[in-house]
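Worksheet: one structure, shown below.
Bear in mind that the values here come from a model prediction, so they are computed numbers and not experimental data.
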Amino acid sequence: MPPSNVCWGIEIGYGAVKAVKIQGDGDDLQVVDFAVVPHAKTLSTPDLDKDDAMRVALGTLASRYDLSGASIAVSLPGHQSFARFAKLPPVEPKKVPDIVKFEAVQQIPFPLEEVEWDFQTFIAEDSPEVEVGIFAVTRKRIMDLLTMLGDVGLTPDVATLSPIAAYNAIAYDLEFTQKSAGTILLDIGTVATDLIIADSGRVWVRTFPIGGHQFTEALVNTFKLSYTKAEKLKREAEQTKHARHVFQAMRPVFADLVQEVQRSIGFYQSMHPEAELARLIGLGSTFRLPGLRKYLKQQLQLDVYRMEQYKRLTLEGPQAAEFQNASLNLATAYGLALQGIGRGTLQANLMPVAVVREAMWKRKVPWFAAAAGLAAAASGAMFIRPLLDSAAYTGKETPNVIQEVVREAGLLASEAEEAGVTGSASADLRADQIVGLLEGRELYASILADTSRMLESADDRAASDDKLAVPEGEPAFRLITIDASYEGSGAAGANPSGFGGPGAYDPRDPDFGQSNDPRYGNQPQTQTQTQKGEDSLAELEGKRHVRVRMEVETASTYPYVLDDTIVAWLRERALAAGAEPYSIVVSSVPWVKGATIAANQRPGQRPGQYTRPNTGFNPTDPRGRQFGGPASTGGSGGGANKPIDSIAPLPKPPEDDGLERQRYVVTWYAVLDPMPEGEP
């Protein structure tokens with residue numbers, strides 16, 4: 001297994017493959033070696049096979065440098081991965097992973113089984129809030145990268161995001177603390193820019209699609225050059241006498257870049273109004289463009305620096321000057337190597353567990369072979385004496401008493417086999433299965449009883465509160481359907497907040513966040529408000545529960561009639577002490593409002609159309625005949641031969657009383673196992 005204090009950090013960039021080998025000795029770090037292997041053409045060049053170009057550069061790196069005997073850390077570009085950030089409600093530390101997993105389902109736009117993800121929590125000294133950064137990449141993308149590395153004989157131990165590695169490098173080199181000035185790291189790559197904000201112990205990342213490629217395209221369009229010549233002109237802009245014209249051609253891209261930086265800073269400060277950002281540090285070769293630093297300083301009103309050399313990482317010897325010149329482009333490789341030896345501030349690792357385990361076993365094979373040899377030698381020594389004793393014992397005659405006992409045991413075994421008492425018998429479980437059919441019936445009776453109490457309570461509240469405006473003689477609510485589904489001890493269904501149906505609110509929707517209750521002015525919910533109900537549903541994990549879905553309708557025109565009656569009763573019942581035989585859990589937004597329907601209209605029905613109510617009869621005979629069809633020629637006649645109207649006469653359609661009714665879907669959970677103290 002590679003030593004834990006030596007690591008190669010390898011960044012596969014669009015301009016070059018960059019690598020740094022670092023060795024840690026105590027508190028000191030030493031650069032053992034470094035490499036910059038440029039691609040023949042920038043990978044953003046049109047019609048270039050990027051995979052082949054990357055394989056060539058990686059093969060050159062593996063052939064020129066000794067990559068064995070050290071751990072390996074690689075990065076994935078920010079624009080090919082996900083970085084999301086959220087505030088968590090105050091919970092016990094042991095519950096944080098469960099809350100983060102729930103948050104990851106909402107934040108990552110892919111099913112969790114299709115991604116590799118990790119997270120990092122941030123806690124400020126002067127704030128009780130816990131923030132979390134969730135980092136992810138699709139499993140296909142990480143496996144493609146590992147396959148490419150495997151083609152040149154490399155299996156990494158760490159895989160993380162480029163912006164995380166860049167932050168680790170600068171945070172270590174400049175010794176960031178929670179008291180350090182708010183800092184913006186701007187890593188301008190070839191096709192995208194990573195913006196990292198480090199403030200009060202927190203880290204926030206955003207990637208946007210502006211990079212060196214856009215600057216090159218501006219030169220192509222302005223001077224009518226080929227892409228390769230425009231790329232060369234951009235790199236030599238400081239030395240050319242046409243530097244001013246080059247800058248003017250790229251000025252629109254400068255403006256777009258500054259606009260995206262300002263948008264990112266504004267969004268971060270809207271979430272953290274107390275943040276004070278004092279400086280910007282530039283990374284990447286694009287930062288060498290003439291006038292870029294000055295332009296950023298004027299537009300952002302911040303001190304702008306360029307990372308010319310590192311303070312805590314140096315290389316002694318003839319390559320020292322070359323290493324310093326490459327420092328601007330080596331921050332990501334520097335941060336990767338730091339994480340590989342355990343010195344990184346952020347330790348998010350997106351390596352698939354199966355790949356890590358396989359690599360670990362391969363490395364342990366030589367040790368297993370040596371251990372097996374030692375075990376064989378030790379076993380031989382241990383068994384020499386017993387073998388000698390066995391040989392001595394074999395020559396002795398068996399005592400008569402032992403022979404007599406063996407004969408008697410054989411006789412008894414034969415008699416038992418003849419009597420048929422030694423065979424296997426199968427248990428008759430039919431009676432137990434019949435009794436098992438009765439289990440749980442009282443639970444559903446309790447759910448129906450609670451539903452009845454809920455509707456009675458709604459009638460009482462409607463009678464005592466004029467603002468509910470229920471017409472005289474009309475119940476507060478009519479129960480249309482009720483469905484109780486036992487969900488075992490897993491998560492709270494496939495729809496964790498109880499939403500469902502067309503047009504329903506869904507917290508996984510990017511536009512979700514509006515309160516269902518108009519009394520709150522449809523203001524966007526805060527993270528804490530939304531999370532409150534989600535946290536309650538997270539408590540269902542590992543507890544047996546029943547998901548109850550009710551469909552009700554009311555003629556009341558009061559917009560909050562559901563909140564003030566049924567939802568209020570559910571929450572009172574949820575908080576009642578000693579409630580049996582289950583506890584009630586309600587989500588933060590437990591109902592979905594349906595369409596307005598006429599008195600004689602049913603779901604999915606056109607106005608004026610009437611559908612026969614469901615009477616509970618199956619309209620098809622088990623033998624394939626339709627009720628009300630032709631009489632059978634055989635048999636003496638029965639229910640199947642009678643007209644359908646004689647079995648279940650069609651009731652008259654309800655008269656249209658002129659009332660319009662609102663239909664709602666309410667979802668709540670009956671938890672069968674004890675809830676933790678203080679819940680729900």
Side-chain angles (χ1 to χ4, degrees), residues 9-13 72-88 96-123 130-146 156-172 176 184-187 189 192-199 201-209 264 267-268 271 283 331-340 342-356 508 510 527:
I10 302 175
E11 178 195 6
I12 308 172
I72 294 176
V74 298
S75 64
L76 296 120
H79 67 279
Q80 295 181 357
S81 51
F82 310 99
R84 302 290 186 268
F85 299 85
K87 294 182 180 180
L88 302 182
V96 168
D98 295 332
I99 299 298
V100 171
K101 184 176 182 180
F102 183 84
E103 191 69 37
V105 173
Q106 315 304 318
Q107 298 283 355
I108 299 175
F110 291 94
L112 287 190
E113 60 270 14
E114 295 181 10
V115 299
E116 296 293 337
W117 68 284
D118 203 349
F119 70 93
Q120 182 88 28
T121 55
F122 310 105
I123 303 175
V130 178
E131 297 190 37
V132 62
I134 300 172
F135 312 105
V137 65
T138 60
R139 189 160 294 166
K140 180 182 182 304
R141 195 174 297 279
I142 184 67
M143 293 309 297
D144 288 345
L145 174 63
L146 295 178
D157 304 276
V158 174
T160 191
L161 276 57
S162 292
I164 292 178
Y167 169 80
N168 280 339
I170 306 305
Y172 176 84
F176 281 177
I184 302 170
L185 305 180
L186 195 65
D187 188 358
T193 294
D194 295 325
L195 185 143
I196 309 109
I197 295 180
D199 171 52
R202 293 185 295 259
V203 178
W204 185 83
V205 175
R206 179 177 178 243
T207 300
F208 49 87
S264 302
F267 180 79
Y268 178 80
M271 296 190 301
L283 305 171
T332 299
Y334 178 7
L336 289 170
L338 283 174
Q339 184 173 347
R343 301 286 186 91
T345 305
L346 305 183
Q347 290 291 327
N349 190 356
L350 304 181
M351 278 293 294
V353 175
V355 176
V356 174
R508 292 166 292 184
Q527 181 70 25

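To the nearest 0.5 Å, atoms CG (Asp194) and CG (Leu186) are separated by 9.0 Å. Expressed to the nearest 0.5 Å, how far CD1 of Ile108 lies from OG1 of Thr138 amounts to 11.0 Å. To the nearest 0.5 Å, atoms OG (Ser81) and CG (Leu76) are separated by 6.5 Å. In this structure, CG on Leu350 lies 11.0 Å from OG on Ser75, to the nearest 0.5 angstrom. To the nearest 0.5 Å, atom CD1 of residue Ile134 and atom CZ of residue Phe82 are 12.5 Å apart. Atom-to-atom distance recorded for Asp118:CG and Ile164:CD1 is 8.0 Å, nearest 0.5 angstrom.
For the residue pair Ala333 and Gly9, the shortest heavy atom distance occurs at CB-O, 3.5 Å. Residues Thr160 and Ala348 come closest through the heavy atom pair OG1-O, 3.0 Å.
Of the possible donor and acceptor atoms, one in the side chain of Asn168 sits under 3.5 Å from a partner among the backbone N and O of Leu346.
Contact annotation: the side chain of Pro156 approaches that of Met351 to within less than 4.5 Å [non-hydrogen atoms, C-beta and beyond]. Between Ile10 and Ile72, the closest side-chain pair of non-hydrogen atoms falls below 4.5 Å. Glu103 has its side chain out of reach of Phe119: every pair of non-hydrogen atoms, C-beta onward, lies at least 4.5 Å apart.
The aromatic rings of Phe135 and Phe85 sit perpendicular, their planes meeting at an angle over 60°, well past the 30° parallel limit. Below 30°, between 30° and 60°, or above 60°: for Phe176 and Tyr167 the angle between ring planes is between 30° and 60°, a tilted geometry.
With respect to the salt-bridge test (charged N to carboxylate O, under 4.0 angstrom), the residues Asp144 and Arg141 do not qualify. At a threshold of 4.0 Å, the pair Arg139-Glu114 does not count as salt-bridged, since none of the basic side-chain nitrogens sits closer than that to a carboxylate oxygen.
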